[in-house]
Amino acid sequence: MREALDRGVWRALWLTLMCLWLSVAPASAQAPEILLEATRQAGDAPRPALPRDGFAEVREAMVRDQVVARELHDPAVLAAMRRVPRHRFAPDIEPRRAYLDMPHPIGHGQTISQPYIVALMTERLALAPDDRVLEVGTGSGYQAAILAEIVAEVVTLEIIPALAGGAAERLEALGYTNITVLEGDGYYGHPPRAPFDAIIVTAAASHVPPPLVAQLRPGGHMVIPVGQMGWVQNLLLLEKASDGEVSTRNLASVRFVPLTGGH
């Protein structure tokens with residue numbers, strides 16, 4: 001009861017602050033286009049019935065050799081990666097290559113991250129089944145699908161129209177009903193669905209975007225790569241305390257494509 005009350009107070013305060021911020025926010029922060037809207041209702045199946053595809057053993061080997069072998073053990077993350085057909089999210093390469101220990105191009109200068117990085121970022125979010133998660137940088141939709149296997153709701157933003165449209169079609173075809181795909185500038189997040197229990201950014205920013213920090217619920221976690229294109233970047237974990245104070249620590253050195261937009 002106390003936790004529910006605290007959440008209600010924080011949400012009311014947050015909505016007031018967001019209204020003030022939106023009144024002076026740049027036009028690029030406004031109204032992303034909805035390409036796929038979450039429709040899951042209470043009582044619906046928690047996960048889609050994914051078709052059998054002949055890649056179950058390949059996914060099992062990927063999880064065993066690339067994820068568990070590197071000391072990642074969150075059961076929900078491992079289960080999600082064993083289920084989601086990664087090859088469906090890397091359409092430009094031979095299906096089995098999608099499960100190799102490397103990123104792959106998905107067009108428009110973007111990539112699908114290697115399996116280990118997907119698992120690392122997801123595990124560090126410390127997700128719970130009833131969480132609402134914001135993803136910045138949908139790409140082909142693979143990370144969104146992994147998240148949707150674990151949490152109640154995923155909101156994902158992609159600034160490149162062709163990628164956003166392709167991800168929406170792909171996720172809908174696979175049967176995900178708890179993902180909202182938006183075409184827009186992820187730097188500004190998505191205030192109408194905030195606050196978020198967790199935020200994941202899949203492109204490297206030059207700094208941590210203040211609008212994302214504002215939209216992270218107290219007690220929540222954000223994982224974001226920060227650094228310049230062409231240099232080694234830092235994968236950061238941000239944790240927001242109950243009083244709103246934010247702490248940061250470095251998880252790993254990484255290389256991501258840059259976060260783009262009008263910021």
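All values derive from a computational prediction rather than experimental measurement.
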**Q** Walk me through it: do Arg97 and Met102 pass the test side-chain contact (heavy atoms from CB on, under 4.5 Å)?
**A** CA-CA 9 Å; Arg97 287 188 56 80; Met102 62 179 66; 4.0 Å; yes
**Q** Are more than 12 heavy atoms from other residues, nucleotides or ligands located less than 6.0 Å from atom CD of Glu57?
**A**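 Result for CD/Glu57: open.
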**Q** Starting at CD1 of Ile159, measure out to CG of Leu259 and round the result to the nearest 0.5 Å.
**A**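 The CD1 atom of Ile159 sits 7.5 Å away from the CG atom of Leu259.
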**Q** Got a second to check how far Thr122's OG1 is from Asp74's CG, nearest 0.5 Å?
**A**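 Thr122 atom OG1 to Asp74 atom CG measures 9.0 Å (nearest 0.5 Å).
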**Q** Are more than 12 heavy atoms from other residues, nucleotides or ligands located less than 6.0 Å from atom CZ of Arg70?
**A**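 Correct, the count exceeds 12.
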**Q** Between Gly186 and Leu157, which heavy-atom pair has the shortest distance, and what is it?
**A** CA-CD1, 3.9 Å
**Q** Taking Leu78 as the starting point, is it possible to reach Tyr99 by hopping between hydrophobic residues whose side chains are less than 4.5 Å apart?
**A** yes
**Q** For a side-chain contact (heavy atoms from CB on, under 4.5 Å) check, start with the C-alpha distance between Val213 and Val246, then their side-chain angles and the critical distance, and finish with the verdict.
**A** CA-CA 8 Å; Val213 176; Val246 176; 3.9 Å; yes
**Q** Return the minimal non-hydrogen interatomic distance between His190 and Pro32, and the atom names on each side.
**A** ND1-CG, 3.8 Å
**Q** Same cluster for Ile179 and Leu182 if Ile/Leu/Val/Met/Phe/Trp/Tyr side chains link at under 4.5 Å?
**A**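 No.
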**Q** Looking only at heavy atoms, what is the nearest atom pair of Leu171 and Gly141, with distance?
**A** CD2-O, 3.7 Å
**Q** When hydrophobic residues are tied together by side-chain contacts of less than 4.5 Å, even through go-betweens, does Val136 share a cluster with Tyr187?
**A**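 Yes, it is one cluster - the side chains of Val136 and Tyr187 are joined through contacts under 4.5 Å.
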**Q** Would you say the side-chain atoms of Glu158 pair up with the backbone N or O of Ala164, donor to acceptor, closer than 3.5 Å?
**A**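 No; judged by distance alone, with no hydrogens or angles, the pair does not exist.
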**Q** Test of understanding: clusters of I, L, V, M, F, W, Y form through side-chain heavy atoms closer than 4.5 Å, transitively. Do Leu100 and Leu120 belong to the same one?
**A**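 Different clusters: Leu100 never reaches Leu120 through Ile, Leu, Val, Met, Phe, Trp or Tyr contacts under 4.5 Å.
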**Q** May I ask you to test the Pro91-Arg170 pair for a side-chain heavy-atom distance under 4.5 Å?
**A**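 Yes; the side chains approach each other to less than 4.5 Å.
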**Q** Whether the side chain of Gln215 engages the backbone of Pro211 through a donor-acceptor N/O pair (distance < 3.5 Å, no angle test) should be reported.
**A** yes
**Q** Are a donor atom and an acceptor atom from the side chains of Gln114 and Asp101 found within less than 3.5 Å of each other?
**A** yes
**Q** So which atom in Ile160 and which in Gln110 form the shortest heavy-atom distance, rounded to 0.1 Å?
**A** CD1-CG, 3.7 Å
**Q** Ignoring hydrogens and angles, tell me if any N or O in the side chain of Asp197 forms a donor-acceptor pair with the backbone of Arg132 under 3.5 Å.
**A**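 It does hold such a pair.
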**Q** Which atom names give the shortest non-hydrogen contact between Glu183 and Pro161, and what distance separates them?
**A** OE2-CG, 3.4 Å
**Q** side-chain contact (heavy atoms from CB on, under 4.5 Å) for His87 and Arg96? Distances and angles first, verdict last.
**A** CA-CA 7 Å; His87 62 283; Arg96 286 185 177 270; over 6 Å; no
**Q** Indicate yes or no: at least one non-hydrogen side-chain atom of Val68 is less than 4.5 angstrom from one of Val63.
**A** yes
**Q** Does Thr180 reach the main-chain N or O of Ala38 with its side chain, forming a donor-acceptor pair under 3.5 Å?
**A** yes
**Q** side-chain contact (heavy atoms from CB on, under 4.5 Å) between Arg59 and Asp53: does it pass, once the steps are laid out?
**A** CA-CA 11 Å; Arg59 284 192 289 275; Asp53 57 15; 3.0 Å; yes
**Q** Does the side chain of Arg217 come within less than 4.5 Å of Lys240's, by heavy atoms?
**A**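 No; the side chains remain at least 4.5 Å from each other.
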**Q** Checking Glu135 now: which residues fulfil salt bridge (Lys or Arg N to Asp or Glu O under 4.0 Å) with it, not counting sequence neighbours?
**A** none
**Q** If Ile, Leu, Val, Met, Phe, Trp and Tyr residues are connected whenever their side-chain heavy atoms lie under 4.5 Å apart, and connections chain through other members, are Leu134 and Ile150 in the same group?
**A** no
**Q** Nearest 0.5 angstrom please: Leu174 CG to Glu169 CD, how far?
**A** 12.0 Å
**Q** Quick one: CD1 on Ile200 to OG1 on Thr156, what's the gap to the nearest 0.5 Å?
**A**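 With rounding to 0.5 Å, CD1 (Ile200) is 9.5 Å from OG1 (Thr156).
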**Q** Would you list the pairs meeting ring-ring contact (aromatic ring centres under 6.0 Å, His included) in which at least one residue belongs to residues 138-186, sequence neighbours left out?
**A**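 For residues 138-186, and leaving out neighbouring residues, the ring-ring contact (aromatic ring centres under 6.0 Å, His included) pairs sorted by first residue read Phe89-Tyr142.
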**Q** Taking the side chain as every heavy atom from C-beta outward, state whether Gln66 and Met81 have any atom pair closer than 4.5 Å.
**A**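 Side chain of Gln66 against side chain of Met81, heavy atoms only: no contact under 4.5 Å found.
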**Q** If you look only at distance, which donor and acceptor atoms sit under 3.5 Å apart when one is on a side chain in residues 218-236 and the other is two or more places apart or in another chain?
**A**
unit_1 : atom_1 : unit_2 : atom_2 : d
His221 : NE2    : Glu239 : OE1    : 3.3
Gln233 : OE1    : Phe256 : N      : 2.6
Gln233 : NE2    : Gln228 : O      : 3.4
Gln233 : NE2    : Phe256 : O      : 3.1
Asn234 : OD1    : Asn250 : ND2    : 3.4

**Q** Determine the minimum heavy-atom distance between Val151 and Arg40, stating which atoms define it.
**A** O-NH1, 4.2 Å
**Q** Could you check whether any side-chain N or O of Glu149 sits under 3.5 Å from a backbone N or O of Arg47, counting only pairs where one atom can act as donor and the other as acceptor?
**A** no
**Q** In Å, rounded to the nearest 0.5 Å, how long is the span from CG of Asp44 to OG1 of Thr39?
**A** 7.0 Å
**Q** Counting distance only, does the side-chain N/O of Arg86 pair as donor-acceptor with the main-chain N or O of Ala98 below 3.5 Å?
**A** yes
**Q** Rounded to the nearest 0.5 Å, how far does CD1 of Ile93 lie from NE2 of His104?
**A** 4.0 Å
**Q** Under the side-chain hydrogen bond (donor to acceptor under 3.5 Å, both in side chains) rule, what do Thr177 and Gln41 come out as? Steps first, then yes or no, please.
**A** CA-CA 9 Å; Thr177 60; Gln41 302 294 323; over 6 Å; no
